[in-house]
Each structure stands twice: as structure tokens, then as C-alpha cells.
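Quick notes on the structure that follows.
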Amino acid sequence: MSELSKAYEPQSVEDKWYAFWLEQGCFTANPASAKPAYSIVIPPPNVTGMLHMGHVLNNAIQDILSRKARMDGKEVLWLPGTDHAGIATQVMVEKQLKKEEKKSRHDLGREEFLKRVWVWKEKHGDIIINQLKKLGCSCDWTRERFTMDPDYSRCVQKVFVELYKKGLIYRGKRMVNWCPVSQTALSDEEVEMKPQKGFLYHFKVQVADCSGAVSAPNSAVTDRRCIEGDIKLTDTWLTIATTRPETIPGDTAVAVNPKDPRYAHLIGKHIVRPLPAELPQGQKLIPIIGDEHVDFEFGTGVLKVTPAHDKADFDIGARHKLPLIEVINADGTMNALAGGPLAGLDRFKARKVAVEILTEQGVMIESKPYENNVGFSQRADVPIEPRLSEQWFLKYPAVPESKACVAEGRMKFHPDRWAKVYDHWLTNIQDWCISRQLWWGHRIPVWYRGEEIHCGLEAPAGSGWTQDADVLDTWFSSWLWPFATMGWPEPTETLKKFYPTTDLVTGPDIIFFWVARMIMAGYEFMGEAESAGPKKFALPDAMPFQNVYFTGIIRDKQGRKMSKTLGNSPDPLDLIARYGADALRFGTMRSAPLGQDVLFDEKDVELGRNFCNKLWNACRFRQMQGGEVQGEIDPALLSNDDQWILLKLDTAIREVTLALNEYKFSEATGALYRFFWSEYCDWYVEASKAVFFGDDAARKANTLAVIDFVLSHAVRLFHPFVPFITEELWHGMGYATDMPANQGGTTILFAPWPMPLDEEIKAHYGLTDDSLKLADAKYGLVTQGRNLRREANLSTGKKISCVLKPTRELAPHDIAVIRVLLNAEAVEVAADYQPAKGTLTARTELGELYLPLEGLRSPEELDAEKIRVARELEKIEAEIAKVEQKLANPNFTQKVPAAVLQEHSQRLAEWRAKRDSVKAALEALN
RNA sequence: GCGCGGUUAGCUCAGUGGUAGAGCAUUUGCUUCACACGCAAGGGGUCGCAGGUUCAAACCCUGCACCGCGCACCA
């Protein structure tokens with residue numbers, strides 16, 4: 001770094017160093033290494049996805065953890081990859097197909113369509129990977145995995161077969177969440193409950209008495225005929241409340257609570273279902289049944305039961321052996337059984353038409369606006385349709401082990417409140433519907449031939465077998481990620497070295513989808529879960545990671561979720577182009593406190609950029625002073641400022657290290673920011689100018705040595721957060737040269753993480769509390785002096801002369817520092833100074849500071865000054881009163897610890913002294 | 001309905017019993033020889049509300065309000 005530019009220019013630096021790191025193989029993990037292991041598996045982003053702010057937050061954190069671990073001397077594996085993301089990817093390719101060729105996937109056929117998806121994947125799959133590289137992610141790209149890689153696919157199938165053989169996977173006809181747009185079953189987790197504004201319709205039905213006329217209740221509808229003449233319609237009408245009148249044709253009973261005195265006597269009788277209108281009454285008689293499920297407080301206390309289209313109703317149906325009438329097609333339209341006017345209509349259109357028909361019949365009583373929770377397909381954002389279909393299900397394995405590891409604190413969640421959410425979910429889970437009616441994904445390894453069924457890794461021998469058409473839920477492959485990416489089922493060196501992984505960084509929105517299931521898979525396939533049976537890996541504790549860090553959700557500055565439709569999501573690549581990757585990382589980290597959502601504001605990135613520029617220029621300042629790099633520090637030559645900054649560095653090292661250990665990234669960046677900007681730059685660099693502007697060569701060399709010591713540590717402390725600029729400075733400042741090649745000599749990546757100064761070093765340099773206090777007092781004096789200057793309306797550029805009447809002895813160098821910091825021509829030390837009229841004074845810890853003005857001020861300025869000083873006096877009096885009151889309370893003085901009491905007394909003395917001084921100043925103004 | 005978070009300066013957030021803090025924004029003054037992506041000095045808060053514990057509460061306890069999230073088969 002011969003000449004540093006005036007401002008930091010990230011563009012010229014970032015690509016260069018990333019290429020260098022790759023070339024040097026810095027990110028490649030070596031399983032044979034003797035170093036202790038540190039590992040993270042990336043939450044694989046959607047292969048067709050684009051980098052968004054959530055990725056930035058998530059991956060910046062993983063990179064910080066990885067880089068810190070490298071500097072701690074660990075062998076680091078950050079394993080990257082992408083997810084095939086079944087529905088999302090398939091939909092994307094289907095859309096493109098529609099747009100460009102006006103074809104559906106069925107037009108192409110399964111095989112041809114899948115070819116197109118792979119083409120898409122080859123074309124777009126690298127985008128997000130390259131974006132992660134832009135961000136600076138130090139992933140081991142030699143181990144990049146994709147959930148549809150042949151090896152990975154093999155793992156997924158193997159797992160399916162194993163669980164099938166154990167009886168944990170089974171096929172059954174059950175009620176599932178059906179997405180009419182994607183036309184596939186979904187798991188419970190993919191359904192999002194959303195409050196929906198609709199209507200609660202009340203309609204009446206007539207009770208019929210036809211005992212004996214109805215055939216067995218569990219027979220199919222077509223057989224359930226009443227002879228027209230046998231129906232005896234009664235005068236009793238029941239009112240039913242429903243939000244879904246379009247499902248009336250599918251009703252096969254009406255349920256009341258058997259304890260409900262209004263209706264109990266009607267149980268066993270029938271009602272005439274009003275729809276389909278054209279069917280003869282005899283074919284529409286359905287029984288009134290008694291079921292405890294019915295809440296008689298709600299609605300009318302009469303519940304229509306539609307077993308084929310409602311989960312709860314399905315259960316009631318099962319209890320009462322009711323027949324099922326399906327009236328809705330897979331695509332959400334009504335079928336022929338729904339009746340003439342409804343058949344073929346979309347379910348929502350059909351709702352309106354059903355209401356019209358009921359109104360025409362004169363049975364509609366009222367419709368009142370009503371808000372209820374409706375399950376939505378998370379992916380397609382339409383209401384899901386509970387639907388009876390044949391699907392594959394998994395009974396979750398290793399549930400007790402998975403609960404225990406978190407409950408017992410062996411696996412830690414950060415923040416830990418998620419542990420409760422996790423536990424609650426595991427306590428209440430239902431079997432997992434794992435089959436999807438999609439083409440893109442891992443095909444279910446089951447073949448059929450007539451009544452025969454074969455589950456295995458290969459197609460069975462013989463002809464006539466057809467494979468199950470469905471694929472597996474994407475999460476059924478991602479739950480294997482922590483070990484399937486490392487060579488499982490073989491006991492590879494990588495697995496032995498890096499499993500279980502150390503940290504997982506992810507969003508709380510996938511705690512059930514992914515985190516919980518990975519834990520179960522870990523116990524089931526890597527450990528000795530009770531259900532697991534004999535294993536190649538009987539790890540004593542097979543949990544896939546030791547810590548889970550849950551990030552917040554990134555929102556815009558108004559608190560709204562980032563979304564494509566709102567257009568409120570900035571493009572991270574654009575931000576990187578404008579501010580630099582380091583700026584984006586630092587800004588994001590600084591504004592992302594543990595466990596809370598992050599309100600993103602571009603100002604944060606700006607702050608990051610400004611910070612990088614500050615770091616850059618501080619180094620530039622050092623470089624402009626010339627001299628030997630990293631000379632020896634001579635303790636005898638240390639100034640008070642030197643001692644102060646070394647102590648502040650020590651504090652910063654401790655704070656940043658502790659914050660990182662606790663995953664408090666905003667605290668760590670906050671500490672770095674404060675240390676570097678408010679302590680090092682604002683005070684130390686400015687104070688050092690007293691040395692560099694002087695002519696003490698020995699002191700200059702020593703100051704340079706201190707600066708190099710501080711900067712070489714600071715740059716390392718910063719590296720995990722801002723990797724590019726720190727690498728540039730590490731080399732440019734020459735800090736790499738003295739280090740062994742594998743410990744910082746080649747790259748800062750492996751430079752040792754700074755250690756706090758131990759007691760021995762502190763003693764060696766004479767770093768004491770007193771040095772800290774003296775410096776604080778000195779800088780306090782400077783602030784007060786600048787304040788005087790400001791009161792006198794003397795611009796910062798103007799040279800002034802001050803007088804200090806000291807309360808303690810000060811080294812000549814400290815006086816020189818004060819002079820430089822005040823930008824004063826002279827600071828005279830005079831024990832017997834008698835201020836002239838109109839001299840501004842400030843009472844400081846080090847003595848009275850005077851700014852003689854020689855009558856330079858106008859009467860207006862004097863008046864303004866008087867008002868200000870009088871106000872200050874008021875404030876001081878109020879503080880004194882507050883402390884005096886406390887000290888006057890015998891309860892206080894008797895009960896309080898001695899230290900607190902002493903502190904209060906001292907404070908009172910200080911305030912009183914200050915009051916005297918301010919009073920004197922005020923009098924001097926008059 | 002149950003559970004979990006949150007409520008502190010205009011904004012975003014730190015602050016777990018003893019003098020209310022930071023960044024941004026704002027005011028004023030500075031083209032001071034590292035940095036205007038900067039420097040310096042200010043102004044600004046009855047810590048959501050009501051009780052309680054304590055010598056002392058932003059902090060601990062109880063209740064309430066509002067915001068957000070998760071879970072839940074009220075049609």
C-alpha cells in the first residue's frame with residue numbers, strides 16, 4: 001500500500017481479495033487437521049432464488065462466526081449449498097413455459113419437463129452462490145452440495161426405505177391440506193392461518209320424521225333413498241350457521257350437542273338438506289346426530305357436518321360412520337354432485353350461488369359479516385381445501401431424544417425463548433404428510449404392480465411395475481442436510497471430524513420445517529435413538545448442532561415485512577455496488593440485536609460505509625507519519641494517552657470477544673464502533689498530534705509503536721465483520737510481514753484473535769486505574785475548554801490562549817496534549833492566576849481553566865452567556881437538592897451499603913464545588 | 001382462548017436495584033495539514049398505565065392497555 005487514497009474504495013479491493021482467498025484455498029476444510037473442529041452447514045437457499053436482505057443477515061452472521069473460529073485456531077468447515085425447493089422451482093419453470101411457449105407441464109410430459117427444470121437450474125443455480133461470494137462468505141466451495149445431487153438423492157431414498165421398513169412411513173387415505181392452485185397435498189406447517197372477512201350465513205332446514213325409511217347410515221348416497229311417501233315433514237325447523245354454504249351438498253349429517261336441551265330430543269330424526277335443489281327430497285334426508293364436539297354457545301348450536309371437506313367434520317363422520325360426499329374437485333371447482341347450478345363453478349363463486357339458491361328457497365335467514373381464521377397455502381396464498389386423499393405419512397422418529405437435548409440444555413437456542421416454542425410443537429405434532437403431487441423433487445421409491453407393493457432403492461425385477469408418481473416434500477430432503485452433505489451413510493473423514501456441527505444460523509420461521517426435523521434426523525440416523533436400531537454411527541449425542549442462533553426478520557423501516565409485491569426490499573447487490581460489502585455487513589450487524597426483528601434502513605449501510613472510511617483514514621494517518629512499522633514499545637516512554645488507549649484496547653478486546661461468544665453481534669459492532677471512533681480516533685489520534693507536531697524523535701517512534709500495536713489488534717478484531725478492508729489494511733500496513741505464514745503472514749484469515757492484556761503486560765506498561773482516570777480528567781478538561789471557546793463564539797480554527805490553575809501536578813507532555821486538543825497557542829499553568837474581569841472559567845477535575853477574553857465580547861454575547869450560566873446553576877442546585885435529600889434520610893444512611901453512601905457523599909461534594917465555581921463565574925459576568 | 005416477545009429522546013435501539021445512554025435526525029460553528037463518508041459544542045426523555053415490594057425501581061412483583069409473533073377443529 002504505497003499511497004492510500006483519500007477515501008476507501010471497496011470496489012477495487014473486494015474482488016481482488018476474494019479471488020486471493022479462493023486461490024490460496026483458505027476456505028477449504030481439512031478433516032485431517034489436528035486443530036479442533038468448527039462447523040456450520042448453510043441453510044441452503046432456494047436454487048433459483050436471489051439474494052435478499054434476510055440472506056445477508058443470516059450469512060453475514062455465519063461468516064462472522066466462521067472467520068472468528070479460524071482466528072481462534074479452529075479447523076473451520078462452512079458447508080454451502082442450495083435446495084431444490086420443490087414447489088417454488090416447479091412453479092417458476094411452469095410460469096416461464098407458459099410465457100414463452102404457452103404450454104403447461106402436462107403438454108411436455110414429466111420427463112421433458114424435468115429436463116427443462118434442470119436446464120433452468122444449470123442456468124440460474126449459480127446466481128445466489130455468486131451473490132454469497134460477493135458478500136464475502138468464506139464457505140468451503142469445494143464441498144458445495146445441492147439437494148438433488150445424485151449422492152444426496154440416494155440418501156433421501158435410503159432414509160425413506162429405512163423408515164418404511166421400520167413402519168414409520170405408511171400410506172393412507174386421510175384428510176390432508178390440499179392446495180387447489182398447486183394441486184398438491186401440503187404438510188400442516190405449510191398452512192398459515194389468516195383471519196378472513198366473510199359472512200356467517202344462517203339458514204333453516206326442516207326436520208323430517210321417517211324412522212325406518214332411511215337405509216343404513218354408512219351406505220353411499222345413491223343407496224340412501226327414502227320412499228317419497230314415507231317422509232313425514234314436521235313443523236320443526238332448525239337453523240344452521242355456516243361460513244361455507246357451497247359445501248351443503250356434501251353434508252351427510254347435522255350434529256347437535258347431546259347435552260343441549262334445545263335439540264337433544266331431535267337426535268335420531270332427520271332433516272332435508274336444501275342442496276342440491278333439484279334432487280328429490282327423499283335423496284336429501286340426512287340424520288341429526290349427537291356429538292360432544294358441538295359447542296352450543298356458538299352459532300345456533302346446530303352444526304352441519306361435511307366429512308369430505310372439513311377436518312373436524314371428518315372426525316365426527318368417522319365417529320358416526322357417516323358417508324362421505326365429495327363435491328369439490330382437486331382444482332377447487334365444484335363437481336357434479338354439488339348440483340346443477342354449482343357444478344363447474346369455482347368454490348368461491350359457488351358460495352355466492354348457493355346463497356342465491358337458498359334465498360330463492362326462502363330458507364336463508366340472515367348473513368352477517370364475520371371474521372374467522374382460514375388456512376392458507378403458504379406458497380400459493382389461497383385458502384387450502386381439506387381433502388381426502390391417498391398420501392404418504394411419517395410418524396416422526398426420535399421425538400423424545402429431540403425434546404430432551406433442548407430441554408436439558410445440551411443444545412442451546414439463542415435466544416432461548418424459542419426452546420419453549422420448539423418443545424410445544426414437538427409435544428403436539430401429528431404425522432407428517434410427506435408426499436407431494438409434483439414432478440420436481442425426490443420421487444418416492446415405491447413401485448406397484450397390481451396389489452403388490454415394493455419399497456426399495458432400486459426398481460424391483462420383473463416387468464409391469466410402475467413407480468409412485470409423487471415426489472417427497474422438500475423438507476424431507478433438507479432434514480438430512482447436516483450429515484447427507486458430509487458423505488453419509490459412509491463414515492467419512494469429514495463426518496468424523498465435523499459432525500455434530502457447532503452452530504446453526506437460521507430464521508425462526510423455519511424452526512418446525514427444518515430445525516426440529518434436522519434434530520430428529522440427527523438422532524435417528526447418526527445416533528442411537530431408541531427407534532434407530534443398529535448403526536454405523538452410534539454417536540453418544542447425535543444432535544446435529546450444538547447451538548442454534550435464530551435471527552430476526554428483516555423489515556423495512558416502517559416495520560413491514562420485506563416483499564416483492566411491496567417493492568420494499570432493497571437489492572443487496574445494489575447496496576454492495578454502492579457502499580461495499582463490508583459496509584453492508586457492518587451496518588446490518590450493528591442494527592440487528594439478538595432476538596429482535598431488524599428494521600432495515602439504508603442509513604445503516606451508510607453508517608457502515610462511513611465506518612470503513614474512518615478505519616481507512618485512521619490507517620492513512622498512521623502511514624503518513626512514516627517510520628518503522630511495529631517497533632518495540634518502550635514502557636518508559638509511554639505517555640498517559642498511550643496508557644489510556646492500551647487500556648481501552650484491552651476493554652474492547654474483552655467486550656468484542658464476550659459479545660461474540662454470546663452471539664450478540666450488534667453489541668460487538670457497537671463496542672468496535674465506540675472504541676475505534678470515539679476513543680481511538682477522537683482522542684488518541686488527536687492527542688498523538690502533540691507528539692508528531694513536536695520534535696522528540698524517541699517519543700515519536702514510541703508513539704508509532706503504540707499506534708501499530710493498537711491498529712494491528714483493531715484490524716484483527718474487525719476482520720470477521722469487515723473482511724475485505726481488513727485484509728487490505730493488514731497487508732498494506734505491513735502487519736502481515738512479521739507473522740508466520742500460517743498465522744497471519746499470508747492472510748489475516750488465520751491471524752490469531754487478539755488476547756486481552758494480562759496483568760503482567762499491564763504491569764509492564766504501567767497501565768493502572770490512575771492512568772485511566774487522569775486521561776479521562778484531561779479529556780474532560782478539554783471538552784470544557786472547547787465549550788468555553790464556543791461560548792465566546794471563537795471558531796475552532798482560531799488560536800486561543802488558556803490558563804490552568806491546577807489542583808495536581810501534570811507532566812509537561814500532558815499540558816502539550818491539552819494545548820493541541822484545545823487548538824490553543826498556549827496553555828499557561830499558573831497556581832496564583834488572578835482572572836481579569838470577563839474571563840471565562842470552567843471548573844475541571846484538574847483545576848480551574850481560564851479563557852481570558854480581553855473584553856472581546858459584545859454585550860449581547862455577555863447576556864446570552866449569563867442566561868446560560870444561570871441555567872446551569874439551576875441544574876446543579878437541583879442535583880444537590882436531590883442528593884442532600886437522600887443523605888438526610890436516616891433510613892438511607894443506615895441501610896445503604898457503605899460504598900453507595902460514600903459515593904453519594906462524594907457526589908455531593910463534587911456538585912457543591914461545581915456550584916461554587918459556576919456561581920463565581922456568574923458573578924464575574926456581572 | 002393459551003403461550004411468547006415488545007412498549008425508554010423525533011426515529012431505531014442499549015440499559016436486570018443506587019447520577020437515564022448510543023447511533024441517526026436536529027441546532028450552532030468549522031473547507032483545522034487522516035477522514036465533509038469529516039471535526040467541535042449543544043438541545044431534546046414525568047422510561048406505556050395503575051398498584052405493590054424497597055432507604056432507593058426503567059430494572060423486581062401484581063394487574064391493565066396497546067403492538068407483534070407462535071399455537072389452537074368454534075362451524
Side-chain angles (χ1 to χ4, degrees), chain A residues 4 6-8 193 200-201 240-244 255 293-295 297-306 310-316 370 372-373 375 386 415 417-418 420-421 424-425 428 508-509 511-512 553 555 557 559 579 583 590-593 595-601 603-604 606-625 666-667 670 673-674 677-678 681-682 685-686 689 693 782-783 786-791 793-799 823 868 879 882-883 886 889-897 899-901 903-904 907 910-911:
Chain A
L4 282 182
K6 197 170 166 184
Y8 173 57
M193 299 304 278
L200 188 60
Y201 303 97
I240 300 175
T242 183
T243 53
R244 300 198 66 186
H293 168 78
V294 180
D295 176 357
E297 299 286 318
F298 187 87
T300 59
V302 184
L303 172 70
K304 71 187 213 47
V305 183
T306 326
D310 183 284
K311 254 184 188 167
D313 290 3
F314 180 81
D315 294 341
I316 297 176
Y370 182 69
N372 64 339
N373 279 324
R417 60 188 159 86
W418 292 108
K420 207 166 173 175
V421 176
H424 183 251
W425 182 76
N428 296 296
D509 48 336
I511 184 170
F512 311 136
I553 291 168
R555 299 170 178 279
K557 58 181 165 185
Y579 296 102
R590 216 188 108 89
S591 62
Q596 284 197 55
D597 287 357
V598 186
L599 300 198
F600 178 81
D601 189 338
K603 286 267 178 206
D604 297 328
E606 212 174 292
L607 179 137
R609 178 200 56 182
N610 295 352
F611 184 81
C612 289
N613 191 54
K614 191 75 175 175
L615 183 59
W616 183 258
N617 272 288
C619 289
R620 187 162 159 253
F621 173 79
R622 155 66 186 91
Q623 209 189 31
M624 289 167 88
Q625 309 311 319
S666 69
E667 248 172 56
Y673 189 96
R674 189 212 59 232
W677 200 308
S678 310
C681 288
D682 284 354
V685 169
E686 293 307 318
K689 289 175 183 174
F693 294 170
V782 169
T783 300
R786 288 167 174 170
N787 196 353
L788 292 184
R789 172 203 277 277
R790 171 111 170 80
E791 281 164 25
N793 262 333
L794 296 167
S795 72
T796 34
K798 241 174 232 169
K799 288 282 180 190
N823 194 28
R868 200 201 58 77
E879 289 297 333
K882 228 158 73 178
V883 186
K886 270 190 169 182
N889 184 349
N891 261 330
F892 178 79
T893 47
Q894 281 160 26
K895 292 189 181 173
V896 110
V900 175
L901 189 62
E903 189 228 321
H904 277 75
R907 201 192 309 158
E910 278 165 19
W911 281 119

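Quick note on labels: first sequence line is chain A, next is B, and so on, each numbered from 1.
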How many Å lie between [atom1] on [X] and [atom2] on [N], as a whole number?
X: A:Met624; N: B:C33; atom1: CE; atom2: C1'; answer: 7 Å
X: A:Asn613; N: B:G38; atom1: CG; atom2: C1'; answer: 9 Å
X: A:Ile511; N: B:G5; atom1: CD1; atom2: C1'; answer: 14 Å
X: A:Asp682; N: B:A40; atom1: CG; atom2: C1'; answer: 10 Å
X: A:Phe621; N: B:C39; atom1: CZ; atom2: P; answer: 14 Å
X: A:Lys882; N: B:G18; atom1: NZ; atom2: P; answer: 14 Å
X: A:Leu788; N: B:A40; atom1: CG; atom2: C1'; answer: 14 Å
X: A:Glu667; N: B:A22; atom1: CD; atom2: C1'; answer: 12 Å

Just checking [X]: base, sugar-phosphate only, or nothing, at a heavy-atom cut-off of under 4.0 Å?
X: A:Val685; result: base
X: A:Ser678; result: nothing
X: A:Arg417; result: sugar-phosphate
X: A:Arg789; result: nothing
X: A:Glu686; result: base
X: A:Cys612; result: nothing

For [N] versus [M], give the span between their [atom1] atoms, rounded off to a whole number of Å.
N: B:G21; M: B:U16; atom1: P; value: 14 Å
N: B:U7; M: B:A14; atom1: C1'; value: 15 Å
N: B:G3; M: B:G44; atom1: C1'; value: 39 Å
N: B:C59; M: B:A41; atom1: C1'; value: 33 Å
N: B:G68; M: B:G10; atom1: C1'; value: 22 Å
N: B:U53; M: B:C66; atom1: C1'; value: 26 Å
N: B:C33; M: B:G18; atom1: P; value: 45 Å
N: B:C60; M: B:G15; atom1: P; value: 12 Å

Set of residues satisfying side chain to side chain contact (heavy atoms under 4.5 Å, CB included) with respect to [X], sequence neighbours excluded:
X: A:Phe621; result: A:Gln625, A:Val685, A:Ser688, A:Lys689, A:Phe692
X: A:His424; result: A:Asn428
X: A:Asn787; result: A:Glu791
X: A:Lys420; result: none

Report task. Keeping the roles fixed (side chain from A:Asp310, backbone from A:Pro386), state whether a donor-acceptor pair exists under 3.5 Å. Result ->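 Not a single qualifying donor-acceptor pair exists.
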**Report entry** Closest listed nucleotide, where the reference is the side chain of A:Arg620 and the choices are B:C35, B:C39, B:C4
**Finding:**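 The listed nucleotide nearest to A:Arg620's side chain is B:C35.
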Requested in this report: Taking only the side-chain heavy atoms of A:Lys6 (C-beta and beyond), determine which of B:G3, B:A36, B:A34 contains the nearest atom.
Outcome: B:A36
Are side-chain heavy atoms of [X] and [Y] found at a separation under 4.5 Å?
X: A:Asn617; Y: A:Arg620; answer: yes
X: A:Leu607; Y: A:Tyr673; answer: yes
X: A:His293; Y: A:Asp315; answer: no

Requested in this report: Would you please test A:Phe611 and A:Arg590 for side-chain contact (heavy atoms from CB on, under 4.5 Å) and show each step?
Outcome: CA-CA 11 Å; A:Phe611 184 81; A:Arg590 216 188 108 89; over 6 Å; no
Query raised in the report: Between B:G38 and A:Asn610, is there an OP1 or OP2 to side-chain N/O distance shorter than 4.0 Å?
Result: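 So the side-chain polar atoms of A:Asn610 do come within 4.0 Å of the phosphate oxygens OP1 or OP2 of B:G38, strictly under.
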Query - Under 4.0 angstrom between A:Trp677 side-chain N/O and B:C39 OP1 or OP2 - result: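 It does, given that an N or O in the side chain of A:Trp677 lies less than 4.0 Å from OP1 or OP2 of B:C39.
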Query raised in the report: Taking all non-hydrogen atoms of both residues, which atom of A:Asn889 and which atom of A:Asn891 are closest, and how far apart?
Result: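 Scanning both residues, the minimum pair turns out to be OD1-N, 2.9 Å.
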Set of side chain to side chain donor-acceptor pair (under 3.5 Å) partners for [X], sequence neighbours left out:
X: A:Ser591; value: A:Asp604
X: A:Trp677; value: none
X: A:Tyr579; value: A:Glu602
X: A:Arg907; value: A:Glu903

**Report entry** N/O donor-acceptor pair, side chain A:Gln625 with base B:A34, under 3.5 angstrom
**Finding:** no
Identified pairing partner of [N], criterion: Watson-Crick or G-U wobble below 3.5 Å:
N: B:A40; result: B:U28
N: B:G68; result: B:C4
N: B:C47; result: none
N: B:G17; result: none
N: B:C74; result: none
N: B:G23; result: B:C11

**Report entry** Step-by-step side-chain contact (heavy atoms from CB on, under 4.5 Å) determination, A:Asn372 to A:Leu200
**Finding:** CA-CA 9 Å; A:Asn372 64 339; A:Leu200 188 60; over 6 Å; no
Atom pairs, N/O to N/O, protein against nucleotides 24-26 of chain B, distance under 3.5 Å?
none

Report summary line: B/S/- along nucleotides 7-13 of chain B (protein heavy atoms under 4.0 Å) is -----SS
Report task. List the protein contact pattern of nucleotides 69-75 of chain B with one symbol per nucleotide (5' to 3'): B for base contact, S for sugar-phosphate-only contact, - for none; contact means a heavy-atom distance under 4.0 Å. Result -> -SSBBBB
Under 3.5 Å between N/O atoms: give me all the protein pairs with nucleotides 53-56 of chain B, atom names plus distance.
| from | atom 1 | to | atom 2 | distance (Å) |
| --- | --- | --- | --- | --- |
| B:C55 | OP1 | A:Lys895 | NZ | 2.2 |
| B:C55 | O2' | A:Asn889 | ND2 | 3.2 |

Query raised in the report: Going by the angle between their ring planes, with limits at 30° and 60°, are A:Tyr8 and A:Trp616 parallel, tilted or perpendicular?
Result: tilted
Query - Derivation of the side-chain contact (heavy atoms from CB on, under 4.5 Å) call for A:Arg244 and A:Thr306 - result: CA-CA 10 Å; A:Arg244 300 198 66 186; A:Thr306 326; over 6 Å; no
